[in-house]
Enquirer: 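Before I ask anything, here is the structure I am working with.
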Amino acid sequence: MARDVAICANHLNGQAPHHQILGRLLKDLIHEKACREHGFYLGITALKSIGNNKNNNDENKDNHQAHLLTFPVSFTCRTFLPARGDILQGTVKKVLWNGAFIRSGPLRYAYLSFLKMPDYHYVHSPLLEDEKPYFQKDDLSKIAVGVVVRFGVLAVRFKEKPHKRRNDYYVLATLERNDSFGPISLTGSDEPYM
């Protein structure tokens, strides 16, 4: 990947420029979070090159722009791009009557509709205040808050926020067409979630 990194000239005083440029690049990637082409940014693996300052010291620039330096940076990084047909696993974060929201790594918005959970039915007892709603199958397996679920990716949507800040992916999940989909037990646990 290649991108321009802008830093204030005042921040370069007394410190190695490449540390400041790399720090700014990391902050930019964290704030942007994801892009349509590459998916979620997970981490920079190698810094290939940092070019020379691209700014021309124009007299027409205002005082703030004159102190802003822009460097072209080339780097490699690990990314995660969800795609239709992927098999993922994540933790259920919220259960509603019409489905569940699952978080899987950097993916915060995976929605599993009740229509895509064959043989599961919604269970909620308004008489028991401590019991939270969940989905349950006839074999007593549950999809509830905190349960780890293996699911398939049915559809993916990318949403770009203004000024490329906090871009995100949204996934429609499914438990159909695969017997391994559904609640899974964690490593080290002898009992499945029930």
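Computation of the quantities below employed the complete heavy-atom set of this structure, encompassing side-chain atoms and omitting hydrogens, waters and symmetry-equivalent molecules. The first residue of the sequence shown is numbered 1, and numbering continues consecutively from there.
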Enquirer: Check this for me: does any side-chain nitrogen of one of Arg3 and Glu32 sit under 4.0 Å from a carboxylate oxygen of the other?
Expert: yes
Enquirer: Exactly one of Val149, Leu88, Val153, Asp86 should register a side-chain contact (heavy atoms from CB on, under 4.5 Å) with Ser104. Which one does?
Expert: Leu88
Enquirer: What pair of heavy atoms forms the shortest contact from Val95 to Val145, and how long is it?
Expert: CG2-N, 4.0 Å
Enquirer: Honestly curious: do Leu175 and Leu107 fall in one hydrophobic cluster under the side-chain, below-4.5 Å linking rule?
Expert: yes
Enquirer: So, does His18 use its side chain to make a donor-acceptor pair with the main chain of Ile50 at under 3.5 Å?
Expert: no
Enquirer: Is there a side-chain contact between Pro183 and Lys142 (heavy atoms, below 4.5 Å)?
Expert: no
Enquirer: Are the side chains of Leu42 and Pro106 in contact, using a 4.5 Å heavy-atom criterion?
Expert: yes
Enquirer: What are the two closest heavy atoms between Pro72 and Asn52, and how far apart are they?
Expert: CD-O, 3.3 Å
Enquirer: List the steps and the verdict of ring-ring contact (aromatic ring centres under 6.0 Å, His included) for Phe181 and Phe151.
Expert: CA-CA 5 Å; Phe181 289 168; Phe151 61 94; 7.9 Å; no
Enquirer: Would you confirm whether Thr91, through its side chain, and Val148, through its main-chain N or O, come within 3.5 Å as a donor-acceptor pair?
Expert: no
Enquirer: Students often mix this up, so state it plainly: with edges at 30° and 60°, are the rings of Trp97 and Phe114 parallel, tilted or perpendicular?
Expert: tilted
Enquirer: In terms of hydrophobic clustering (I, L, V, M, F, W, Y; side-chain heavy atoms under 4.5 Å; direct or indirect links), are Leu22 and Val73 co-clustered?
Expert: yes
Enquirer: Should the pair Tyr170 and Tyr109 be assigned to parallel (<30°), tilted (30 to 60°) or perpendicular (>60°) ring geometry?
Expert: parallel
Enquirer: Checking Tyr122 now: which residues fulfil ring pair (Phe, Tyr, Trp, His ring centres under 6.0 Å) with it, not counting sequence neighbours?
Expert: Phe135
Enquirer: Between atom NZ of Lys27 and atom CG of Leu25, what is the distance when rounded to the nearest 0.5 Å?
Expert: 12.0 Å
Enquirer: Does Arg84 reach the main-chain N or O of Leu154 with its side chain, forming a donor-acceptor pair under 3.5 Å?
Expert: yes
Enquirer: Are Phe101 and Leu115 connected into the same hydrophobic cluster when the rule is that any two of I, L, V, M, F, W, Y join if their side-chain heavy atoms are below 4.5 Å apart?
Expert: no
Enquirer: For the residue pair Ser113 and Asn98, establish whether any side-chain heavy-atom pair is separated by less than 4.5 Å.
Expert: no
Enquirer: Is the shortest side-chain heavy-atom distance between Phe71 and Asn53 below 4.5 Å?
Expert: yes
Enquirer: So, Asp119 side chain and Lys137 main chain: donor-acceptor pair closer than 3.5 Å or not?
Expert: no
Enquirer: Taking only residues two or more places apart in sequence or in another chain, which ones pass ring pair (Phe, Tyr, Trp, His ring centres under 6.0 Å) with Phe158?
Expert: Tyr169
Enquirer: Nearest 0.5 Å please: distance from the CD1 atom of Ile44 over to the CE atom of Met1.
Expert: 9.5 Å
Enquirer: How many angstroms lie between atom CG of Leu112 and atom OH of Tyr120, to the nearest 0.5 angstrom?
Expert: 9.0 Å
Enquirer: Report yes if some heavy atom in the side chain of Lys33 is under 4.5 Å from a heavy atom in the side chain of Arg108; otherwise report no.
Expert: yes
Enquirer: Does the side chain of Phe40 come within less than 4.5 Å of Cys35's, by heavy atoms?
Expert: no
Enquirer: Do Ile87 and Ile102 share a hydrophobic cluster (ILVMFWY, side-chain heavy atoms under 4.5 Å, transitive)?
Expert: yes
Enquirer: Compare all side-chain heavy atoms of Arg150 with those of Ile184 and state whether any distance is below 4.5 angstrom.
Expert: yes
Enquirer: Which atoms form the tightest heavy-atom contact between Glu160 and Arg36, and what is the distance?
Expert: OE1-NH2, 4.4 Å
Enquirer: Thr79 side chain to His38 main-chain N or O, any donor-acceptor pair under 3.5 Å?
Expert: yes
Enquirer: Side-chain heavy atoms under 4.5 angstrom apart, residues restricted to Ile, Leu, Val, Met, Phe, Trp, Tyr: same cluster for Val123 and Met117?
Expert: no
Enquirer: Report the C-alpha separation of Thr70 and Val5 in whole Å, then their side-chain angles, then the decisive distance to 0.1 Å, and conclude whether the side-chain contact (heavy atoms from CB on, under 4.5 Å) test is met.
Expert: CA-CA 5 Å; Thr70 304; Val5 177; over 6 Å; no
Enquirer: Grab the two heavy atoms, one from Arg24 and one from Ala6, that are nearest each other, plus how far apart they are.
Expert: CG-O, 3.4 Å
Enquirer: Decide whether a cation-pi geometry holds between Lys48 and Phe75; the criteria are a distance under 6.0 Å from NZ or CZ to the six-membered ring centre and an angle within 45° of the ring axis.
Expert: no
Enquirer: Can you confirm whether Lys94 sits close enough to Leu96 that some side-chain heavy atom of one is under 4.5 Å from a side-chain heavy atom of the other?
Expert: yes
